[in-house]
Amino acid sequence: MFAASRTAVARVAARPSAAAANVVGRTATGVGAQVRAMSGATQGTNSPANAFYRLVFKRNATYVAFILAGAMIGGSIYNSVMDGVFTAYNKGKLYETIDWSTWKSPCEDDDDDDDDDDEDEDEEEDDDE
């Protein structure tokens, strides 16, 4: 009786279990493949998110360049929008939006008189010499 149970134990010990075979069969690529298979990452390798990751986030230098370029472009867009809002809010109050035809300078005629006076003074100085 004991001899039969010893042979049965020897047979079970000689045959690896499914879990033991799974642990023994793992390699570095096998573990990664199993993790990818469990996470479903292999299904979307051509997705736009994966392409964006490979293009921008995979390297630190491209990520930093993306952030700086985005800040510059975003800043210029924000500046243009805020200038438009400011101009629309202050229409008619800014130099470039004033209708200058409605303004008549009260000194326009006086300027002509001043020029004539200057010419008369120049002629008198020439006569004195």
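Without hydrogens or angle criteria, N79 side chain to G75 main chain gives no donor-acceptor distance under 3.5 Å. Put simply, the side chain of T62 gets close to the backbone of V56: a donor and an acceptor are under 3.5 Å apart.
Cluster annotation: I98 and L94 are assigned to distinct hydrophobic clusters (Ile/Leu/Val/Met/Phe/Trp/Tyr, side-chain heavy-atom contacts under 4.5 Å, transitive). Taking hydrophobic clusters as Ile, Leu, Val, Met, Phe, Trp and Tyr residues chained together by side-chain heavy-atom distances below 4.5 Å, I67 shares a cluster with Y53.
Shortest non-hydrogen contact noted between R54 and K58 is O-CB, 3.7 Å. In plain terms, the two heavy atoms of T97 and T87 that are nearest each other are CG2-CG2, 4.4 Å.
Two rings, from F52 and F66, have their centers less than 6.0 Å apart.
Rounding to the nearest 0.5 Å places CG of D83 at 10.5 Å from OH of Y78.
Sparse packing is recorded around CZ of F86, with 12 or fewer heavy atoms of other residues, nucleotides or ligands lying under 6.0 Å away. Other residues, nucleotides and ligands place more than 12 heavy atoms under 6.0 Å from the CE atom of M82.
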